[in-house]
Visitor: 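Sharing a structure here in structure tokens format.
Atoms within each ligand, like the ligands themselves, are counted from 1 in listed order. Residue numbers start at 1 and run along the sequence shown.
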Amino acid sequence: MFVVMAVTASEAEINGVKSHILAEGLTPFDHLGSERAVIAVVGEVGPKKTQLMNRLAALPGVESVTPISRPFKLTSREFHPEDTVIRVLDAIIGDGSLTTMAGPCSVESRDQLFETADAVAAAGATVLRGGAFKPRTSPYSFQGLGVEALRYLAEARERTGLPVITEVMEPNQVDIVQEYADILQIGTRNMQNYSLLTAVGRVQRPVMLKRGYGATVEEWLMAAEYIVSSGNPNVILCERGIRTFETYTRNTLDIAAVPLLHHLTHLPVIVDPSHATGKRWLVKPLAMAAIAVGADGVMVEVHPNPEEALSDAEQQLTLAEFRSLMDEIRPIHAQVRHVHGDPVLSSAALRVGEVSKH
Ligand code: PEP
Ligand code: MN
């Protein structure tokens with residue numbers, strides 16, 4: 001449930017509600033909107049929910065108390081109707097602008113990274129990607145350059161001005177990765193690694209949570225809820241395809257997940273057509289589709305010489321192919337911005353069962 005404070009509520013009244021929630025053995029999370037404060041009540045409320053709602057509704061400064069109908073709370077649009085906007089260096093993610101994360105699957109050398117970084121920056125990418133610690137299906141495949149790659153990524157940021165995103169695979173890597181990277185990526189294989197989710201929830205860097213390849217949208221949002229409820233509100237969701245019976249593509253891109261997520265959550269949504277398809281020639285059409293259905297952006301793998309890549313050789317774009325992808329998605333983005341309307345308005349329909357004082 002969440003408590004909507006009156007526009008005129010004082011700080012003391014807001015603190016009074018928070019203390020009451022703590023005294024009930026629950027955790028308050030406040031969201032200070034432009035007009036008023038809203039406080040989510042998180043924890044095991046149990047069968048006495050109605051009594052608790054009535055008690056909270058009677059406190060001074062409270063306007064109304066509303067149940068959150070979904071299992072995810074802090075990530076739901078019901079609690080937080082406005083879009084979450086994440087700022088990292090000059091990149092703004094989730095404000096309606098086009099985010100393009102691009103770079104190699106793996107950082108293989110300083111030269112390979114710099115050549116790619118310069119080219120994607122010149123083509124208009126807003127975030128540089130590159131794997132340092134690689135989660136490979138086979139223990140015999142290239143596992144990434146580790147900390148050496150993190151250093152190259154930091155140098156590439158200096159060179160291009162682009163913020164960098166890279167994957168963190170274990171809780172004990174969070175400190176070192178956040179020292180070098182601007183956005184922490186959680187890969188598909190770790191979406192339900194709860195100790196890792198909690199660990200990235202305790203730091204300040206934004207986190208991009210990729211969808212587990214066998215996860216439902218609800219499981220994915222519950223995973224995001226772990227991060228936000230651990231204290232980090234800056235979460236980006238990345239649809240990267242799920243495993244189905246289809247074998248021509250590496251995964252199946254769940255394109256419907258994009259508008260669905262915009263309906264269910266305030267978090268920004270990015271689509272990764274590279275891992276979704278596993279095929280270079282399918283990346284551009286699916287990136288176009290992603291932008292057309294309202295994704296906040298795409299993440300694309302790019303390599304100066306894909307055939308020689310040490311990982312995901314078949315799906316990485318050449319530098320020229322990335323430029324051409326940018327040329328195609330820009331006008332689509334400009335065209336569809338107004339089509340997707342204002343999710344804040346449609347979220348009003350979600351507000352059911354409100355308990356009001358008046
Ligand atoms: C990646 O983006 O580098 C990656 C390994 O992707 P995923 O976790 O989606 O397979
Ligand atoms: Mn890859």
Visitor: How long is the span from the OG1 atom in T116 to the CD atom in E108, to the nearest 0.5 Å?
Guide: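 Rounded to the nearest 0.5 Å, the OG1-CD separation comes to 8.5 Å.
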Visitor: Got a salt bridge between E167 and K134, using NZ or NE/NH1/NH2 to carboxylate O under 4.0 Å?
Guide: no
Visitor: Ligand 1: which protein N/O atoms lie under 3.5 Å from its N/O atoms?
Guide:
{"residue": "ligand 1", "atom": "2 (O)", "partner": "R129", "partner atom": "NH1", "Å": "2.7"}
{"residue": "ligand 1", "atom": "2 (O)", "partner": "Q185", "partner atom": "NE2", "Å": "2.9"}
{"residue": "ligand 1", "atom": "2 (O)", "partner": "K210", "partner atom": "NZ", "Å": "2.8"}
{"residue": "ligand 1", "atom": "3 (O)", "partner": "R129", "partner atom": "NH1", "Å": "3.4"}
{"residue": "ligand 1", "atom": "3 (O)", "partner": "R129", "partner atom": "NH2", "Å": "2.8"}
{"residue": "ligand 1", "atom": "3 (O)", "partner": "K134", "partner atom": "NZ", "Å": "3.1"}
{"residue": "ligand 1", "atom": "6 (O)", "partner": "K210", "partner atom": "NZ", "Å": "2.9"}
{"residue": "ligand 1", "atom": "8 (O)", "partner": "T188", "partner atom": "N", "Å": "2.8"}
{"residue": "ligand 1", "atom": "9 (O)", "partner": "K210", "partner atom": "NZ", "Å": "2.9"}
{"residue": "ligand 1", "atom": "9 (O)", "partner": "R240", "partner atom": "NE", "Å": "2.6"}
{"residue": "ligand 1", "atom": "9 (O)", "partner": "R240", "partner atom": "NH2", "Å": "3.4"}
{"residue": "ligand 1", "atom": "10 (O)", "partner": "R189", "partner atom": "NH1", "Å": "3.3"}
{"residue": "ligand 1", "atom": "10 (O)", "partner": "R240", "partner atom": "NH2", "Å": "2.9"}

Visitor: Quick one: do L261 and V258 end up in the same hydrophobic cluster if we chain Ile, Leu, Val, Met, Phe, Trp and Tyr together by side-chain heavy atoms under 4.5 Å apart?
Guide: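 The answer is yes; both residues are in one hydrophobic cluster.
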Visitor: Please assess K210 against W220 for the test side-chain contact (heavy atoms from CB on, under 4.5 Å), listing each intermediate value before the final yes or no.
Guide: CA-CA 8 Å; K210 296 190 103 178; W220 187 13; over 6 Å; no
Visitor: Between K284 and D327, does any NZ, NE, NH1 or NH2 come within less than 4.0 Å of an OD or OE carboxylate oxygen?
Guide: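 So D327 does not pair with K284 through a salt bridge.
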Visitor: With a 3.5 Å cut-off and no angle check, do the side chains of S274 and Q315 form a donor-acceptor pair?
Guide: no
Visitor: Hey, can you tell me if H266 and H80 have their rings parallel, tilted or perpendicular (30° and 60° cut-offs)?
Guide: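 H266 and H80: parallel rings.
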Visitor: Between R280 and E307, is the closest basic N to carboxylate O distance under 4.0 Å?
Guide: yes
Visitor: Anything protein N/O/S under 2.8 Å from the Mn ion (ligand 2)? Just list residue and atom, please.
Guide: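 Sorted hits: C105 SG, H275 NE2, E301 OE2, D312 OD2.
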Visitor: Hey, are R211 and D254 close enough for a salt bridge, meaning a charged N less than 4.0 Å from a carboxylate O?
Guide: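 Judged by the 4.0 Å cut-off on N to carboxylate O distance, R211 and D254 do form a salt bridge.
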